[in-house]
Trainee: 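Before anything else, here's the structure in question.
Here the structure is a predicted model, which is why all the values come from computation and not from measurement.
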There are 2 protein chains.
Amino acid sequence: MGRAEIARSLGLSTQAVSNIIAELQEDGLLVETGLRSGGRGLPAMQYGVNSAGGYALGVEVRPDAIFTAILDLHGQTVVTRRRTLKSPEPAKVISKVLKLRDEMLAKTGLSEGQLLGAGVVMPGPFGQTGLSGLGSDLAGWQSVDAAALFEEALALPVELSNDANAAAMAERMALGLSHFAYLYFGAGLGLGIVNQGQLVTGIFGNAGEIGHVPVATPKGPLPLEALLSRVSVQEHLGKGPLDIAALGALFAEGDKGMMDWLDGACAALSQAVGLLENLFDPQTIILGGAMPAGVLDYLVAHTELPTLSVSNRADNPHARVQAGASGRMTATLGAAALILNRAFTPQAAAL
Amino acid sequence: MGRAEIARSLGLSTQAVSNIIAELQEDGLLVETGLRSGGRGLPAMQYGVNSAGGYALGVEVRPDAIFTAILDLHGQTVVTRRRTLKSPEPAKVISKVLKLRDEMLAKTGLSEGQLLGAGVVMPGPFGQTGLSGLGSDLAGWQSVDAAALFEEALALPVELSNDANAAAMAERMALGLSHFAYLYFGAGLGLGIVNQGQLVTGIFGNAGEIGHVPVATPKGPLPLEALLSRVSVQEHLGKGPLDIAALGALFAEGDKGMMDWLDGACAALSQAVGLLENLFDPQTIILGGAMPAGVLDYLVAHTELPTLSVSNRADNPHARVQAGASGRMTATLGAAALILNRAFTPQAAAL
DNA sequence: TGCTTAACTCAACCCACTTGAGTTATCAAG
DNA sequence: CTTGATAACTCAAGTGGGTTGAGTTAAGCA
């Protein structure tokens with residue numbers, strides 16, 4: 001955008017914008033991106049964010065592994081790292097994260113000072129809740145203030161979030177949506193809710209625990225997670241743990257068990273879609289996370305969209321359900337996106 | 001609060017606060033509320049909002065009636081009016097609303113200029129959706145820009161909302177909660193969701209359509225609204241339309257049909273509570289609206305709270321479910337509260 | 001009685017932003 | 001090719017909402 005255009009959209013004078021641009025340019029956060037073509041008057045000098053003006057660190061802590069990534073200001077992945085973990089004990093996690101950070105900085109030639117902040121993803125729910133002890137929480141972290149711990153160790157501002165919320169914010173950056181629900185395939189099934197561009201986190205950051213919501217099946221009500229999650233495919237197939245590539249291969253060859261599971265998953269998803277649409281009135285519902293892209297696409301294509309829904313309207317410009325980013329690193333990249341999102345969106349302190 | 005206290009909590013200098021207070025006092029929005037007692041130093045002059053500094057108009061349009069109210073800046077009801085309506089045709093509604101406003105102004109001796117804005121409540125969902133034509137929407141309003149229409153007719157800023165959201169905001173003012181879900185008994189069952197002090201409205205303002213969410217019953221899944229709403233009591237009792245007083249009387253005398261209905265309602269509410277808690281992680285869930293207070297209290301007392309919930313935690317300072325304001329005017333007062341809420345909370349324009 | 005504490009005022013200052021006039025580069029009509 | 005309209009941009013002076021720091025007042029406490 002040019003100065004005048006920015007000024008109009010911000011309600012400032014062009015002079016003010018000029019001053020601010022000069023400052024940001026000096027700090028290396030903005031770069032000229034060429035002159036505007038066509039139109040009357042003096043051609044406007046265009047500006048854009050300098051992708052190298054700063055970097056965001058993303059950290060995902062899993063029970064058995066740590067994933068890290070660095071994104072630039074354009075949201076492009078600069079470098080990623082994965083490391084297995086013997087035990088998720090806080091002290092070990094912290095030292096491993098520091099090591100991975102240093103490795104990534106060394107490899108890319110970046111300095112610690114160029115990191116704007118760190119997004120940290122950990123399995124929720126946070127604190128002692130009625131869902132604790134179901135295997136989804138992280139041993140040794142129940143009574144630890146994780147955000148403060150990382151903040152001190154990394155000497156960076158930290159945003160703590162669960163996997164689904166982080167992945168949702170990454171998708172928000174990519175698609176520019178303001179209202180959506182994000183169904184995230186992790187160990188179980190997570191949900192990120194974005195309303196007016198802001199995450200709906202709940203009072204303790206535990207919003208979006210959709211996995212335990214019951215859905216109707218021919219055999220009676222079952223938790224959504226029992227029909228729509230990686231664990232549920234694996235149990236349905238009965239071949240033990242399978243990684244994304246293995247699931248993708250089974251899907252590609254049209255494996256009977258897989259297609260069978262998909263039938264049940266589509267039925268469950270259809271109910272979840274109805275629920276989410278009627279509760280949140282989103283622009284769209286996005287599926288993403290640790291699932292093969294083909295499976296996500298199949299779910300999107302074959303899920304029956306409920307008619308009894310506020311989203312069943314003729315003037316809806318978005319697909320009601322769509323596939324987002326897939327793969328194992330989705331949440332890690334989303335963690336870093338939390339920092340970018342914070343840097344780029346205005347926050348009002350609510351009373 | 002005194003100047004120094006305000007300055008600290010706002011991060012401004014005392015001088016800046018002094019200047020602003022002087023201005024607000026001149027405009028009649030602030031009044032001195034006496035000196036602080038006890039403590040060292042010069043006793044602080046306390047200030048509070050002048051309840052007579054402005055007034056908010058609340059309008060609720062129903063298929064067969066119009067309710068209006070005026071609240072002062074403390075949220076106190078100044079005057080209310082009800083008028084039946086033969087047809088909810090836009091032109092008739094507008095002229096009736098103007099008449100009611102003038103009546104209320106005349107009765108209280110207020111002037112039009114003292115009204116800060118109007119909150120308007122209409123039955124949702126807004127626009128053509130998959131839930132249209134189910135009897136909940138208002139004839140003649142489907143393709144009308146209601147907000148603009150009221151804005152022009154009343155020459156006031158207008159906030160348009162559905163009944164549940166409006167009632168939720170009224171409750172927010174009263175209880176000072178930042179995260180909660182509000183189950184509102186209207187014709188059907190509405191839901192208002194507040195996260196970080198802001199309403200979760202969805203992209204078209206239709207969020208919170210919980211009435212059609214299925215819940216499990218011994219006879220198979222039924223819409224929540226079929227078990228937990230005024231219509232459902234009436235159908236269960238089979239005595240035709242009953243007003244709040246009649247329902248309250250039946251409840252007081254322990255009517256068999258009523259207690260029977262309450263059993264089913266509690267079971268349904270229990271499931272709804274689990275759903276809302278796991279999706280939103282609220283501080284509390286509030287029941288309110290057009291139901292006798294006794295019935296709301298009974299529901300709160302006898303609903304089994306699900307254990308499999310993120311809200312089932314020892315350190316939760318709030319009751320998980322509680323009763324809010326009951327009665328027929330709840331949403332109307334909530335409409336006016338929308339204006340007060342807007343006046344008192346900072347809004348960040350999201351990109 | 002005198003010291004400490006704290007709220008508040010006064011007056012000078014600061015800085016982000018606006019205002020208004022002037023400059024430059026492009027398009028389009030004569 | 002010339003001329004005028006259009007639009008982005010710069011320069012320099014001005015403005016207002018805020019800060020800063022010193023001084024004033026009134027209460028509690030030793």
Trainee: Can you measure Glu23(A) atom CD to dC17(C) atom P for me and round it to whole angstrom units?
Mentor: 9 Å
Trainee: Please report, rounded to the nearest Å, how far the P atom of dC8(C) is from the CG atom of Leu35(B).
Mentor: 9 Å
Trainee: Touch check for Ala16(B), heavy atoms < 4.0 angstrom, all strands: base, sugar-phosphate only, or nothing?
Mentor: base
Trainee: Report yes or no: does Thr284(B) contribute a side-chain atom to a donor-acceptor pair with the main-chain N or O of Ala319(B) at less than 3.5 Å?
Mentor: yes
Trainee: Given atom CE of Met1(A) and atom C1' of dC9(D), what is their separation to the nearest angstrom?
Mentor: 16 Å
Trainee: Any side-chain N or O of Arg40(A) under 4.0 Å from OP1/OP2 of dG4(D)?
Mentor: no
Trainee: Using the rule given for side-chain hydrogen bond (donor to acceptor under 3.5 Å, both in side chains), can you reason through Thr33(B) versus Gln46(B), listing the C-alpha separation, both sets of side-chain angles and the distance that settles it, and then say yes or no?
Mentor: CA-CA 5 Å; Thr33(B) 58; Gln46(B) 308 282 105; 5.4 Å; no
Trainee: Between the side chain of Gln283(A) and the main-chain N/O of Ser178(A), is any donor-acceptor distance below 3.5 Å?
Mentor: yes
Trainee: For the pair made of CG in Asn19(B) and C1' in dC8(C), what is the distance, rounded to whole Å?
Mentor: 12 Å
Trainee: 5'-most contact on DNA chain C: Leu12(A) or Leu42(A), nearest heavy atom basis?
Mentor: Leu12(A)
Trainee: Nearest whole Å is fine: how far is dC8(C) C1' from Gln46(B) CD?
Mentor: 13 Å
Trainee: Would you please confirm or rule out a distance under 4.0 Å between OP1 or OP2 of dT10(D) and any side-chain N or O of Ser18(A)?
Mentor: yes
Trainee: So what does Ala44(B) hit on the nucleic acid, given a heavy-atom distance under 4.0 Å: a base, only sugar-phosphate, or nothing?
Mentor: sugar-phosphate
Trainee: Hey, can you pull the donor-acceptor pairs under 3.5 Å for the side chains in residues 9-20 of chain A, sequence neighbours left out?
Mentor:
unit_1   : atom_1 : unit_2   : atom_2 : d
Ser9(A)  : OG     : Ile6(A)  : O      : 3.2
Ser13(A) : OG     : Ala16(A) : N      : 3.3
Gln15(A) : NE2    : Asn19(A) : OD1    : 3.0
Ser18(A) : OG     : Arg3(A)  : NH1    : 3.3
Ser18(A) : OG     : Thr14(A) : O      : 3.4

Trainee: So, does Thr14(B) get its side chain near the phosphate of dC8(C), meaning an N or O under 4.0 Å from OP1 or OP2?
Mentor: no
Trainee: Kindly say whether Ala52(B) contributes a backbone atom to a donor-acceptor pair with the side chain of Asp72(B) at under 3.5 angstrom?
Mentor: no
Trainee: Is the backbone of Gly28(B) close enough, under 3.5 Å, to the side chain of Asn50(B) for a donor and an acceptor to pair up by distance?
Mentor: yes
Trainee: Pro43(A) side chain: which of dT18(C), dA25(C), dC8(C) is closest?
Mentor: dA25(C)
Trainee: Hey, what are the protein-to-nucleotides 10-15 of chain C N/O distances that come in under 3.5 Å?
Mentor:
unit_1  : atom_1 : unit_2   : atom_2 : d
dC10(C) : N4     : Gln15(B) : OE1    : 2.7

Trainee: Please walk me through it: do Leu333(A) and Leu71(A) pass side chain to side chain contact (heavy atoms under 4.5 Å, CB included)?
Mentor: CA-CA 7 Å; Leu333(A) 302 178; Leu71(A) 300 192; 3.8 Å; yes
Trainee: Please confirm whether the shortest side-chain N or O distance from Arg8(B) to OP1 or OP2 of dA7(C) is below 4.0 Å.
Mentor: yes
Trainee: In whole angstrom, what separates Ile20(A)'s CD1 from dT18(C)'s C1'?
Mentor: 12 Å
Trainee: Distance under 6.0 Å and angle within 45° of the ring axis: does Arg172(A) meet both against Phe180(A)?
Mentor: no
Trainee: Between Arg101(A) and Leu154(A), is the side chain to side chain contact (heavy atoms under 4.5 Å, CB included) condition met? List the steps.
Mentor: CA-CA 9 Å; Arg101(A) 178 202 58 182; Leu154(A) 292 167; 4.0 Å; yes
Trainee: Bend across the helix from dT1(C)-dA30(D) to dG30(C)-dC1(D), to 10°, with axes taken over 5 pairs at each end?
Mentor: 0°
